[in-house]
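As structure tokens, the structure follows; a few thoughts come after it.
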Amino acid sequence: MDHSATTPVDPLVVDAMLPFFTEAFGNASSLHSFGTEAADALSLARKQVADAIGAHPEEIIFTSGGTESDNLAIRGVVPYNNGKKHVITSVIEHPAVLNTCAFLEELGHEVTYVPVDADGVVDMNILEKSIKENTALISVMHANNEVGTIQPIEKISKIAKENNIYFHTDAVQSVGKIPVNVDDLGVDMLSISSHKIHGPKGVGALYVRKGTNISPIVFGGNHEKGMRSGTENVSGIVGFAKAMELAVKLLDADSIHMTRMRDSLISRVFDTISDVRLNGHPSRRLPNNVNMSFKYVEGESMLMLLDMQGVAVSTGSACSSKSLKASHVLSALEIEDEFIHGSLRMSLGRENTMDDIDYVVDALQETIAKLRAMSPLAGK
Amino acid sequence: MYSKKVIEEFSNPANVGVIEDADGVGEIGSTIDGDIINISIKVKDNILEDVKFKTFGCVVAISTSSAVAKLAKGKTVDEAMALTNEDVINYLDGLPEGKDRCSGFALDALKMAIENYTHKSK
Ligand SMILES: Cc1ncc(COP(=O)(O)O)c(C=O)c1O
Ligand code: FES
């Protein structure tokens, strides 16, 4: 129930990777046959990843994951665009984007953080009004990792294009859940992470549309056409490419399956537990995301009791020294005080079943009843 | 990251509730940004005959509330007032770094309840 954090590696992915630890361990830069084998594997992987998102192989840069891809997209583009020093992003981005933007601010760049509405959708009016002469980049995530809200990427890319501004989207959570095609979305750059789609950890890619003026952030022996130096993680990249191929192949079946489980979980929680709210957009949300808040109880306590029943979830509530702090995403959604500290994210995966949903609903009822019996707020 | 004892205390807390005809009540916290701990006590012959708590909050807030209620129950008013953070932390086999001062929270609620009692009985 915590697939947005990470996913188990698919056995087919493991099978694809294994030879690259033993027989085919070559360095893709070596000229002998071991090296050629690795280089061939890389170019096949590049084609698989490109095909999965409707891109050309030359437009794929392999990285160490979603975080590095976000860094590369922002730090590789912004400082090098004719002195344009302004970036537009949203308040609910992943820290990989937010902290990179904060770093740019320290370097003297200007960043506008566009707010979202109560469902987590970026305010298009404010976004459009934020555009300036010197705006170099807009970066807005495809789907949010906490509340699952899907952003109107096509609309934003149209605005970016009209104003001659590069547009990057973090698609780490959307790949494998909803269609991701770089031309349909109209983006210039797009971040992907392998471990969220049943691939290995520590690998991912940044799609960079041909003609985009981007500079590397990692320098060295000019791997990845100089865009990302360092001996390639061949086994990881091969596994990632296999996972991408599967994600696209299984997309229709996966999304129908996950949507069914998601909607059943949400409606049964509403039916059986009182004082509940759904966080995020009611319909424009990832098929695998359920984020709900329960009045009178706190997130970490729920998480712990659920964990004891074998249900892994995450929460947007953190406690330190008596003060509860809601995540930046939940805070941006303007959720009422009584609800904001009692949030749970349940993120479904391919291998979950309706039986799991039954089990989780029961576990939730038990957990919440137990904590509410202890809460001085309940029944007041 | 939590000791076994913290988890045990959290998942099977004793003394949950509110004493109807309490001799003293202490409540600490706010809905806006904090945990809330309510402790009520029943005192007889200067002894805390019963101590009950209700807590809204994290694992530490609940487990320390339960620990404080257990530690205080059966003690004299003066003994209960003398309980320290260390007593609570030792009882729980330690708290994670950064949360080691949280035990004071439940203690404050207990002491507030005791003061409420001594004030009333004067
Ligand atoms: C939206 C989003 N972006 C970026 C990342 C970071 O990806 P990685 O773990 O591959 O660095 C994550 C994963 O937590 C994410 O959910
Ligand atoms: S009371 Fe929650 S961490 Fe201290």
Side-chain angles (χ1 to χ4, degrees), chain A residues 274-277 293-328 330-331 334-344 363-364 366-380, chain B residues 1-4 6-19 22 25-40 52-66 68-69 85 95-109 112-113:
Chain A
S274 62
D275 295 314
V276 180
R277 100 189 277 284
S293 280
F294 304 87
K295 254 195 202 176
Y296 317 127
V297 291
E298 189 275 334
E300 190 210 21
S301 296
M302 286 190 277
L303 185 150
M304 190 66 84
L305 286 182
L306 288 167
D307 187 37
M308 287 172 185
Q309 300 172 78
V311 180
V313 299
S314 77
T315 175
S317 168
C319 184
S320 62
S321 300
K322 309 173 194 174
S323 90
L324 293 168
K325 204 169 171 326
S327 75
H328 71 286
L330 294 177
S331 306
E334 288 177 19
I335 294 164
E336 307 90 301
D337 289 334
E338 304 91 32
F339 276 118
I340 200 159
H341 299 302
S343 79
L344 283 185
L364 272 173
E366 200 174 303
T367 296
I368 285 153
K370 182 167 177 176
L371 290 172
R372 281 186 177 165
M374 271 187 236
S375 173
L377 298 170
K380 247 192 184 175
Chain B
M1 66 171 193
Y2 292 123
S3 71
K4 270 206 189 112
V6 169
I7 299 295
E8 200 182 293
E9 209 62 45
F10 164 73
S11 49
N12 292 305
N15 308 308
V16 173
V18 179
I19 301 173
V25 179
E27 181 163 299
I28 255 178
S30 82
T31 358
I32 298 160
D33 62 349
D35 308 50
I36 299 174
I37 299 182
N38 173 299
I39 291 189
S40 48
K52 286 207 185 310
F53 79 90
K54 276 212 166 187
T55 295
F56 162 78
C58 68
V59 173
V60 172
I62 291 176
S63 57
T64 53
S65 303
S66 174
V68 162
N85 272 358
L95 285 173
E97 212 178 308
K99 302 206 167 189
D100 41 6
R101 297 222 306 278
C102 303
S103 52
F105 197 32
L107 269 182
D108 287 349
M112 206 187 241

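Values below: all heavy atoms of this structure, side chains included; hydrogens, waters and symmetry mates excluded. Letters A, B, ... mirror the listed sequences (proteins, then strands); counts begin at 1. Since the model is a prediction, treat every value here as computed from it, not as a measurement.
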_Please output the residues of residues 304-311 of chain A in contact with chain B, using a heavy-atom cutoff of under 4.5 Å, in numerical order._
M304(A), L305(A), M308(A)
*What closest approach, in Å, do Y296(A) and F56(B) show between heavy atoms, and which atom pair accounts for it?*
O-CD1, 3.1 Å
*What's the shortest heavy-atom distance between S301(A) and C58(B), and which atoms?*
OG-C, 3.3 Å
_Applying side chain to side chain contact (heavy atoms under 4.5 Å, CB included), can you list everything that pairs with I335(A), at least two apart in sequence or on another chain?_
R277(A), N279(A), L330(A), L333(A), F339(A), I340(A)
_I'd like to know whether CD of E336(A) has more than 12 heavy-atom contacts from other residues, nucleotides or ligands below 6.0 angstrom._
yes
*Supply the atom-to-atom distance F10(B) CZ to M374(A) CE, rounded to the nearest 0.5 angstrom.*
6.5 Å
*Once you round to the nearest 0.5 Å, how far does CD of E298(A) lie from OG1 of T55(B)?*
11.5 Å
*Where on A373(A) is there a heavy atom nearer than 4.5 Å to chain B: the side chain, the backbone, both, or neither?*
backbone
*Part of V59(B) lying under 4.5 Å from any heavy atom of chain A*: both
